[in-house]
Amino acid sequence: MKSRRRLCIGIALSVVLAVALPATAATCEGLTGLSLPQVTIKSATSSNPTFPNVQPFCRVIAAATPTVHSNIGFEVWMPLSGWNGKFAGVGSGGSAGSIATGSLVVALARNYAAMATDNGHLGGQWTFAHAPAGDPERVTDFGWRAEHVSTVAAKAIVESFYGGAAAHSYFVGCSQGGHHALMEAQRFPEDYDGIIGGDPANNWNHLMLGELWTGLVSGLRNPANALPQAKLDVLMNALLLACDGNDGIVDGIVEDPRTCNFDPSVVRCAGGDAPDCLTGGQLDAIRQIYAGATEPVTGAQIFPGFAHSSENALRQVLVGTPGPGGSSFSFFRDGIFNNPSWNFRAFDFTGEPAKTDNTPAGTETYGSALNANDPDLRRFAARGGKLIMYHGWSDPFITPYSTINYYESVVSLIGGNRARSAALQRTQDFARLFMVPGMWHCAGGPGPNTFDVVSALETWVETGKAPSSVLGTKYVGDNPKNAVVLTRPLCAYPRVARYKGEGEPADAANFICAEKWPPGLGN
């Protein structure tokens with residue numbers, strides 16, 4: 001019932017904004033006089049000395065107050081000339097309470113009119129969730145409301161400025177932005193024609209549990225389990241020796257970690273600790289990281305573990321920190337428990353996961369406000385919406401298995417009682433997933449981590465041609481200004497890139513997208 005009420009409020013707000021627009025274009029500075037319900041336009045300027053190397057644009061700074069406790073900041077950037085006629089919402093990362101100006105610059109360079117929001121708070125700490133500094137309603141703002149109301153208001157501002165609505169609307173986000181991407185597709189299918197959700201943090205609360213778990217098992221509870229970078233490198237080298245060639249070539253990239261039946265005990269220290277092996281405690285830690293957060297008594301999965309090929313990157317965020325990494329420490333200390341003295345080492349994975357989801361957040365719970373796990377995308381599909389998801393197989397922050405699990409849940413619901421092939425085809429008519437071998441979280445890593453899914457989405461939405469693959473490129477130093485190391489097709493899941501057996505292995509032209517590996521390779 002709550003989700004229906006939210007949808008009705010969103011539709012009503014959309015209608016009010018639509019009928020309030022002038023028939024002719026407004027000047028940039030004149031937008032300060034634009035009246036929108038529950039929105040205050042603070043400034044509108046066409047002179048932007050803060051961004052001297054960006055094309056001239058109209059910068060609108062505004063705030064939305066859909067509840068008396070909300071204060072949702074957002075910005076709209078609109079090119080003064082050369083507008084492509086399209087609107088883009090861009091996502092943020094982590095628990096960020098800030099405007100993603102870098103993503104706005106990228107969208108503006110493609111001549112989009114673009115919007116970014118601060119998610120209803122400032123800073124990256126979860127103190128926004130409680131009075132006196134914050135309010136529980138802001139949990140809902142962070143979870144879904146800020147993105148939606150900012151999108152609706154930004155579209156109205158764009159239409160007022162140009163004197164006509166955008167022909168198409170797209171959302172682009174990775175990590176927390178991927179979380180909001182799926183929130184938009186699930187809750188507000190009318191907001192965007194096309195959505196990109198990379199490495200999504202959609203299963204938010206259980207991701208927080210997974211972050212906490214990873215830190216605790218890798219040394220925060222028992223220092224004997226600590227995993228120094230040198231030991232992770234030893235582990236990674238052994239894994240590549242065992243699995244790198246599973247796809248037919250040895251290139252330092254594990255194409256599909258699911259084919260890698262690697263036993264870390266091959267690097268167990270025969271005697272005492274040594275530089276070229278892992279101790280029993282270290283092996284115990286890595287096995288628990290592979291297993292993922294589980295309920296201690298029943299063994300039920302709380303959040304999936306990390307994939308093979310992420311090992312030497314684990315210390316980027318979650319391993320080797322003095323406290324739980326990512327957003328988890330402040331999320332639990334300031335959000336769930338509201339206790340500055342919270343003892344993270346005493347966390348009980350038996351009862352606390354349910355408490356996390358059921359903790360009140362204003363008129364909702366943390367589970368309903370933050371988790372974007374609903375597989376029912378039928379309304380989004382029915383209006384012609386297209387969704388592209390992607391995830392790096394070597395992501396050391398959000399496990400790729402979480403995204404695969406979500407996509408498979410969509411296939412299951414969309415397919416109903418149909419056979420797997422028919423269910424997959426119906427899903428791929430509007431939603432496709434691309435797994436990226438060797439890519440870390442949203443970027444980086446040894447694999448082909450640069451690719452243009454925005455153009456692929458535009459083509460799909462505007463011409464109906466769905467992408468069967470996307471070209472991935474690895475540059476020296478991950479800088480597109482440098483030489484190309486390799487190219488590789490990124491295939492629409494569940495297909496994988498398979499080497500043809502001849503030709504330069506660094507050239508994507510020598511790969512095909514295959515349903516499965518050749519006989520004897522993987523499973």
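- Taking CG of Asn202 as the reference point, atom OG of Ser175 lies at 10.5 Å (rounded to 0.5 Å).
- In this model, a donor atom of one side chain and an acceptor atom of the other lie less than 3.5 Å apart for Gln176 and His180.
- No side-chain donor-acceptor contact under 3.5 Å links Thr117 and Arg145.
- Considering all non-hydrogen atoms of both residues, Cys491 and Val496 come closest at SG-C, 3.7 Å.
- In this structure, Leu216 CG and Arg221 CZ are separated by 4.5 Å, a value rounded to the nearest 0.5 Å.
- Heavy atoms of other residues, nucleotides or ligands lying less than 6.0 angstrom from CZ of Arg315 number more than 12.
- Listed for the Arg432 side chain is a donor-acceptor partner under 3.5 Å among the backbone atoms of Gln428.
- The closest donor-acceptor contact from the side chain of Arg378 to the backbone of Leu413 lies at 3.5 Å or more, if one exists at all.
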Would Thr399 and Ser402 count as a side chain to side chain donor-acceptor pair (under 3.5 Å) here? Give the steps. CA-CA 6 Å; Thr399 171; Ser402 175; over 6 Å; no
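- Under the 3.5 Å distance criterion, with hydrogens and angles disregarded, no donor-acceptor pair is assigned to the side chains of Thr214 and Glu211.
- For Tyr112 and Phe87, the ring centers are positioned 6.0 Å apart or more.
- Asn246 and Thr259 form a side-chain donor-acceptor contact under 3.5 Å, judged by distance and modelled atom types alone.
- Two rings, from Tyr390 and Phe451, have their centers less than 6.0 Å apart.
- Summarising the geometry of Lys355 relative to Ile336, their closest heavy-atom pair is CE-CG2, 4.2 Å, with the distance given to 0.1 Å.
- Taking the six-membered ring for Trp and the full ring otherwise, the centers of Phe303 and Trp213 sit at least 6.0 Å from each other.
- Checked by atom type and distance alone, the side chain of Asn449 pairs as donor or acceptor with a backbone atom of Gly444 at under 3.5 Å.
- Donor-acceptor pairing under 3.5 Å is recorded for the side chains of Ser309 and Ser394.
- For Asp199 (side chain) and Cys442 (main-chain N/O), a donor-acceptor pair under 3.5 Å exists by modelled atom type.
- Aromatic ring centroids of Trp393 and Tyr401 lie under 6.0 Å apart.
- Here the closest non-hydrogen pair linking Lys155 and Ser169 is CE-OG, 3.3 Å.
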Please test Lys86 against Glu462 for salt bridge (Lys or Arg N to Asp or Glu O under 4.0 Å), starting from the C-alpha separation and ending with a verdict. CA-CA 11 Å; Lys86 305 171 189 178; Glu462 296 168 30; 2.9 Å; yes
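- How far CD1 of Ile196 is from CD of Glu458: 8.5 Å, rounded to the nearest 0.5 Å.
- The side chain to side chain contact (heavy atoms under 4.5 Å, CB included) with Arg498 is formed by just one residue from the set Ile249, Asp256, Ile512; it is Ile512.
- Between Trp204 and Phe142, a ring centre-to-centre spacing shorter than 6.0 Å is recorded.
- The closest donor-acceptor contact from the side chain of Ser150 to the backbone of Glu147 lies at 3.5 Å or more, if one exists at all.
- Interatomic distance, Cys260 SG to Asp244 CG, rounded to the nearest 0.5 Å: 9.5 Å.
- The distance from atom CD of Gln288 to atom CD1 of Ile286, rounded to the nearest 0.5 Å, is 10.5 Å.
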Under the side-chain contact (heavy atoms from CB on, under 4.5 Å) rule, what do Thr487 and Leu471 come out as? Steps first, then yes or no, please. CA-CA 7 Å; Thr487 59; Leu471 180 66; 4.0 Å; yes
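- In this structure, Ser412 contributes its side chain and Ser409 its backbone to no donor-acceptor pair below 3.5 Å.
- His206 pairs in a side-chain hydrogen bond (donor to acceptor under 3.5 Å, both in side chains) with only one of the listed residues (Asn371, Asn373, Asp357), which is Asp357.
- Note on Asp251 versus Arg488: salt bridge recorded, some NZ/NE/NH1/NH2 to OD/OE distance being below 4.0 Å.
- In terms of modelled atom types and a separation under 3.5 Å, the side chain of Glu311 and the main chain of Leu232 share no donor-acceptor contact.
- Note: Phe511 and Tyr499 have tilted aromatic rings, judged against thresholds of 30 and 60 degrees for the angle between ring planes.
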Criterion salt bridge (Lys or Arg N to Asp or Glu O under 4.0 Å) on Lys500 and Asp507, from CA distance to verdict: CA-CA 11 Å; Lys500 293 178 181 178; Asp507 187 348; over 6 Å; no
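- The residues Asp478 and Lys474 are annotated as salt-bridged, a charged nitrogen and a carboxylate oxygen being separated by less than 4.0 angstrom.
- Atom SG of Cys243 is separated from atom CZ of Arg258 by 13.5 Å, given to the nearest 0.5 angstrom.
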Dump the intermediate steps for ring-ring contact (aromatic ring centres under 6.0 Å, His included) on Phe332 and Phe344, then the final yes or no. CA-CA 8 Å; Phe332 286 108; Phe344 61 84; over 10 Å; no
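- Closest approach of Asn482 to Tyr475, counting heavy atoms only: O-CD2, 3.5 Å.
- Between the side chains of Tyr192 and Thr151, a donor-acceptor pair is found at a separation under 3.5 Å.
- Side chain of Ser265 to main chain of Arg268: no donor-acceptor pair is present (N/O by atom type, distance under 3.5 Å, no hydrogens or angles).
- At a threshold of 4.0 Å, the pair Arg383-Asp193 counts as salt-bridged, since one of the basic side-chain nitrogens sits closer than that to a carboxylate oxygen.
- Proximity of the aromatic rings of Tyr290 and Phe306 is defined here by a centroid distance below 6.0 angstrom, and this criterion is not met.
- Checked against the 6.0 Å centroid criterion, the rings of Phe331 and Phe329 do not qualify as a close aromatic pair.
- Heavy-atom minimum distance, Leu278 versus Gln282: CA-OE1, 3.3 Å.
- For the pair Arg418 (side chain) and Gly415 (backbone), a donor-acceptor distance under 3.5 Å is present.
- A tilted orientation is assigned to the rings of Tyr170 and His168, their planes being inclined by 30° to 60°.
- The closest side-chain donor-acceptor pair between Ser92 and Asn119 falls under 3.5 angstrom.
- Using modelled atom types, no side-chain atom of Ser218 and backbone atom of Ala285 make a donor-acceptor pair closer than 3.5 Å.
- Val470 and Ala456 make their closest contact through CG2-CB, 4.4 Å (heavy atoms, listed as atom of the first residue, atom of the second, distance).
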Is there a side-chain contact (heavy atoms from CB on, under 4.5 Å) between Lys386 and Leu457? Walk through the geometry before answering. CA-CA 7 Å; Lys386 307 300 181 188; Leu457 183 64; 3.9 Å; yes
